[in-house]
Each structure stands twice: as C-alpha cells, then as structure tokens.
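A short worksheet on the structure shown next.
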Protein chains: 2
Amino acid sequence: MAARDYGQYCGITRALELVGERWALLIVRDLLVGPRRYGELAAGLPRIPSNILAARLKELQEAGILRRAPRSRVIVYELTPYGRELEPVVLALGAWGFKAMGDPREEQVLTPDALAITLRTAFRPQVAADLPATAYAAHLGPTGLLVRVDGPSLVVTRGDGPADLAFAAGPSIHRLISGELAPGRAIETGVVEVLRGRGDLLDRFATTFHLAA
Amino acid sequence: MAARDYGQYCGITRALELVGERWALLIVRDLLVGPRRYGELAAGLPRIPSNILAARLKELQEAGILRRAPRSRVIVYELTPYGRELEPVVLALGAWGFKAMGDPREEQVLTPDALAITLRTAFRPQVAADLPATAYAAHLGPTGLLVRVDGPSLVVTRGDGPADLAFAAGPSIHRLISGELAPGRAIETGVVEVLRGRGDLLDRFATTFHLAA
DNA sequence: CTGAATCCGTTGCGATACTG
DNA sequence: CAGTATCGCAACGGATTCAG
C-alpha cells in the first residue's frame, strides 16, 4: 500500500500512514492553493528529487487524496474533497511551526504557495470583518500572489490583478506578520517594497494577517 | 540538528523538520495524555524499535518539545508548553485519519493513550454542556481510562476510579463513536461490555463523543 | 519540454542483542 | 528498567536517462 503501517487502530496513525511520508504534506500544502502541474509542484519544492515527487503523487492518488485531472491537453494534480479536508491539519502545523522559524537562512526560499498558506494561517476573519474589502498583490521574485480580503472571507490565488496595494517582499515578511516589525519600519528598511497603490494599507495588511511568534 | 531540512522558510516545513520524522508525533500523542516513563512509551508504541524511541526522545528534547523530569527517583518524559501546543495538530490529524480507519485488522492494537486522544478529538463540548456531569471508566484489556465529563470540559486520565458507567471495549468502539453502531447494539453484540453502573449511559457517551466517518 | 523511470551512493529505519 | 550497539534493508537524495 501507501506506507509502512504502525500496527495501531488509531486515527492519528492512519493519518500518518497516508500523509506522514517525507514531502507528502508539502505537496498537499501547495495543492491547497490550487491545482498544479507536475513541473509547478517540482518548482515549489526545489529540493525534492523527481522520483520522490512521482512516487508521492502516485501514493497520494491511491490514498484518494489527490487526482490527476486533464485540463485542456495538460495534466494537473488537484486535491479530492477528502484531500481538501487536510487544510485544518496543514494550517495547525503551520501555526505551530511559525513560532519556531527563527530568522531566514541564506539557502532558504519562500515560495508563493508557502506564503499563500501562511497567509491563510495568519488570517484573522473577525478582525477583517470590520475592515473595508481590500485586494493586495504580493510579489515574490518573478511570481505574484493575489490576496483578496472581503469581510471575513479570504481568497489567495496565484497571479496578478487589480490591487489596492502591490508590494514586493521576501522571507522577512515573517517579521511583519509576527508583529516583530512595524509596517512603517518594514517599508523604511526595504523589507517590503511598495510597487503600486497606497503604502499605508500595509498597516491594514499587518492587522489582518497576524500570528504570534 | 534534529532532522534533514527542506530548504524552505515556511512554518509547515519547520514543523515537519521538528516533528515530521517517523514515530515523533505518536510520542507527542501519548505525552499529551500525561507524563510517561520510557517503558510506558515503549508499551504504548509496541512496534517502535528501542533505538528509535531513544533517538526521538533526544531530538524532541533538543527541539524544546519535551523534557526529562525526575519524579521521585524515576525519570518521566513530559511535554513542554511548546510541545503541548501541538495538541491542535494531533487532534486535527486524528479527526482526518478517523475517516480512513476502516475496520480493525487482526494485528492492530488500540492503546489507552490512543483512545484517550480519540475521545478528545471526538468530544463535543457544546453537546456535553447540556448533559449532566458524568464519569466513565473505559477498560482496554488490563488498563483503564477514566473519562470525566463536566459541562463543556473533558478530562481523560489513565487509571480507574468511581464512575457512573464502567465498560470494557476494544477497537470496535470506533463504530460506536462514528455512529455506525447504536449503543444498544454495541452492548447486545458484545462490542461493549458493561462492567458496572448504568448501561443506558452508553447512549450519553455516544452522544458526547461523536465523529463522522 | 513536461512527466516521469532508472541507477546508485547514502541515510534512516527495523529487529535483535546487549549493557549500566 | 532504561537505554546503547550492531547490522541488514528499505527509503531517500542526486544525477542521468527515457517516453509522450
């Protein structure tokens, strides 16, 4: 089957048998943002060996967590409904690990899909509900993330589009979300570079997305 | 350090670096129920090699997730505050994996600590709030679990004690919690054996602890 | 050019034996 | 009882090659 089993009749062991192998939950993490092609997954997981990626995709498919879907000539991988139910697991892991991230090291990358999930983790619906609807465009190197907040609802997708504030950032955005770095200081120090729109909206961004470190 | 890293600056990768190794989260699972000695952990994880248990304990300790604590001459392992913050992760995994458990196989065991966490996962505080305070004693083979429900609060510990209902059960209790098996049928078919107290309270138990499959 | 399969060196795991 | 030591094996990591 999928993996070596633990010999216990328990939900946690079952879950770990299905998604406990190395890299598996990171594939799920990226697919939670949207369907991805093989190459997109490989790009979002720069250090995964291609044989491992292929093996995981096969295992996750057999476990009913994702499926291969043809999309106008090309194959994309997308989560099944059961796979999407892993979102609380991934968000809980992200919230817990957020506190142990420390400072970014030189060799560490921040991928768009990882940031998308971090934003979902850090999103405070009850805070956002009292703020005006806002669209942010966050750029990480070449790729962009479109972040739409409307009342208590959040949608994060890849790509660009009309936004009230467009900014470029890197791994240090972690310190903005943790509250370690004030929005004003983030712009001054170049951690966040305002590309278009109202830079003062970064304040609202930091209020909307917050996770204690 | 603890483990091979993923090369990403992301909360989820960080979490998986700390607790993503095989067996690690199962050690955390058991310690969430209470402090445990080395031998108790080994007994609760029948298939873990002793060298792996020793290695994981060392890694989890270095990661600040657990600590060795002397308790009147013997050493016990207990979670640190940061380790206890893994509870949402473990419960979310348990809830997700619960749906994929299927029927118990011959070689699969149900340990007291695993059941304790399953009960925490399946606990419905808002339902329990409207029911009288109740103490259950659940026996799995030799060891017992004391389950105290008082309004919306739940405490599950090892051991025996005064209970409104004491019963013996095995892995098939899964079908009671999932609602697949009605409490009356569970007693009739011997899946649950009433040892002491009011057997009709099993109804309340099944209402209090419920997780869809 | 994307989506893998193959080969092979390395590492972590599993089983058992052993020690303070 | 609480670990440590050893060894075979399976999984992982990296590079290369192959197929649609």
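A, B, ... follow the sequence lines: proteins, then strands. Residue 1 opens every chain. Values below: every heavy atom of this structure, side chains too, minus hydrogens, waters and symmetry copies.
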Q: Taking B/D164 for its side chain and B/A135 for its backbone only, find out whether a donor-acceptor pair lies under 3.5 Å.
A: yes
Would you kindly give the [atom1]-to-[atom2] distance between [X] and [N], to the nearest whole Å?
X: B/R22; N: C/dT11; atom1: CZ; atom2: P; answer: 21 Å
X: A/R56; N: C/dG3; atom1: CZ; atom2: C1'; answer: 17 Å
X: A/D5; N: D/dA10; atom1: CG; atom2: P; answer: 16 Å
X: A/R37; N: D/dG20; atom1: CZ; atom2: C1'; answer: 13 Å

**Q.** NE2 on B/H139 to CG on B/D160, rounded to 0.5 Å
**A.**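 If we round to the nearest 0.5 Å, B/D160:CG and B/H139:NE2 are 4.0 Å apart.
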Q. Do B/R196's NZ or CZ and the ring of B/F167 fall within the cation-pi criteria of under 6.0 Å and 45°?
A. no
Q: Flag this pair as yes if the NZ/CZ of A/R14 is under 6.0 angstrom from the six-membered ring centre of A/Y9 and inside a 45 degree cone about the axis; otherwise no.
A: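 No, cation not above the ring by the 6.0 Å, 45° rule.
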For [N] and [X] - does any side-chain N or O of the residue sit under 4.0 Å from the phosphate oxygens OP1/OP2?
X: B/K58; N: D/dT4; result: yes
X: A/W23; N: D/dG13; result: yes
X: B/Y77; N: D/dG3; result: yes
X: B/R4; N: C/dT10; result: no
X: B/R68; N: D/dG3; result: yes
X: A/R73; N: C/dT2; result: no
X: B/R47; N: C/dC13; result: no

